[in-house]
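Taking it in order: structure first as structure tokens, then the write-up.
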Amino acid sequence: MASMKDHIATRPNEATPARAQLLALTAVIVAAMLLTLVLLVNTAAYTVAETANETTPGDDAVRYRAAAVDGTDRILRAVNRAEHRTLQSARTGVVSGIERLDVDLARSAADRGSVGHLETSLSRTTPGWIVSADGTDGSLVNESGATAYTVASNVDRSRRVTLVFDPAKLEPTTRQNTSEEAFHVVFETPSTTTVVYVYRTAAGVVVAAGTDGETPRVVCTVSAVTDDALLRLALSTERLETTRCPGLWPSEALATTQPYRIGVENADAVHGRLTATVQTATTPASPPPAGHNGITPGVYDTTVAVAYATETQRFETTVRVAPGEPRA
């Protein structure tokens, strides 16, 4: 009996070290699992946040991109006003201008504790041509005395198509007699010919548009005209000064897959200047055939790579800048 009691009394004491070791091992395993789980959750959260920041720009990134677009817009305008002798010179001017803009914007970003960068290249800059038809005697009659001629043909795209004119010397007529008497701009595509008419009535300056041969529809009117001030008709952005002219730009010139022609008729019915920036449908780029002398090399558009980063955000995108291009 004594030996049995001794045996029974010693069993709990013998099991205690083994049980303690098992509990300790279990605790280590659970701790390791919890640590792994925490690491996995943190990694997943970081990846989601980084992805969201890449695709959704914050306010600072939006402002940086807007400054890049606005600055590039101004560079394109300045380069095209400079009347470069060659396409290469004009395109180099844009690239150099954006390099300087990059330095200015990067410095501004650094002041806010962020990093910004933008760049373009000759390969991202599309050759273009600056077209200017302004006649020889104030009217738009060309150098050879023609009142109907081609402003630019073989056009693939066009932007900043603008007529600046003197309303006091604009030919008066009626909507029914526009074809014979009013100044008009012709957009001739492979499928149709659309005409924009500019004339004067007792109500003021009228802009009308329609298919060639049909009575046009009036798209806008400026009734209060100051005769000593020039008016600006932006055909590609559909505005007569600040008045909207919806439906002015022909839809065929937006989505055409074939080159089109821009011309004028009744050029003696207006005193002013017609300008445009065009991209021709030739590779390498060549000047658009035209019935006047005002063609100079320039840049049609450029695509800019924009990058912006802070401690918590990374944003990258590319933007194509083409000032005054009609919206599709």
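This one's a predicted model, so the numbers in the text were calculated from it and none came from an experiment.
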Using only atom types and a distance under 3.5 Å, with no angle test, would you say the side chain of [X] pairs donor to acceptor with the backbone of [Y]?
X	Y	answer
Arg160	Thr277	no
Asp268	Val141	no
His292	Gly135	no
Arg112	Asp60	no
Ser114	Ala109	yes
His117	Val115	no
Glu171	Phe183	no
Asn154	Pro288	no
Arg159	Gly324	no
Thr162	Thr275	no

Can you hop from Leu105 to Val319 via hydrophobic side chains spaced under 4.5 Å? yes

Do Val94 and Leu101 belong together in a cluster built from hydrophobic side chains that touch within less than 4.5 Å? yes

Testing Val299, Val155, Asp156 for side chain to side chain contact (heavy atoms under 4.5 Å, CB included) with Gln279, which one passes? Asp156

OG1 of Thr296 to CG of Asn80: how many Å apart, nearest 0.5 Å? 7.5 Å

I'd like to know if the side chain of Thr221 pairs up with that of Ser223 as donor and acceptor (distance under 3.5 Å, no hydrogens or angles considered). no

Distance-only side-chain donor-acceptor flag, Arg273 / Ser132, under 3.5 Å: yes

Just one of Thr302, Thr303, Thr72, Asp301 clears the side chain to side chain donor-acceptor pair (under 3.5 Å) bar with Arg320, so which one? Asp301

Please check if atom CD in Glu311 has more than 12 non-hydrogen atoms from other residues, nucleotides or ligands closer than 6.0 Å. no

If you count heavy atoms of other groups shown closer than 6.0 angstrom to CD of Glu83, is the number above 12? no

Under the salt bridge (charged side-chain N to carboxylate O under 4.0 Å, His left out) test, residues paired with Arg100 that sit two or more places apart: none

Does a salt bridge link Arg74 with Asp70, judged by any charged N lying under 4.0 Å from a carboxylate O? yes

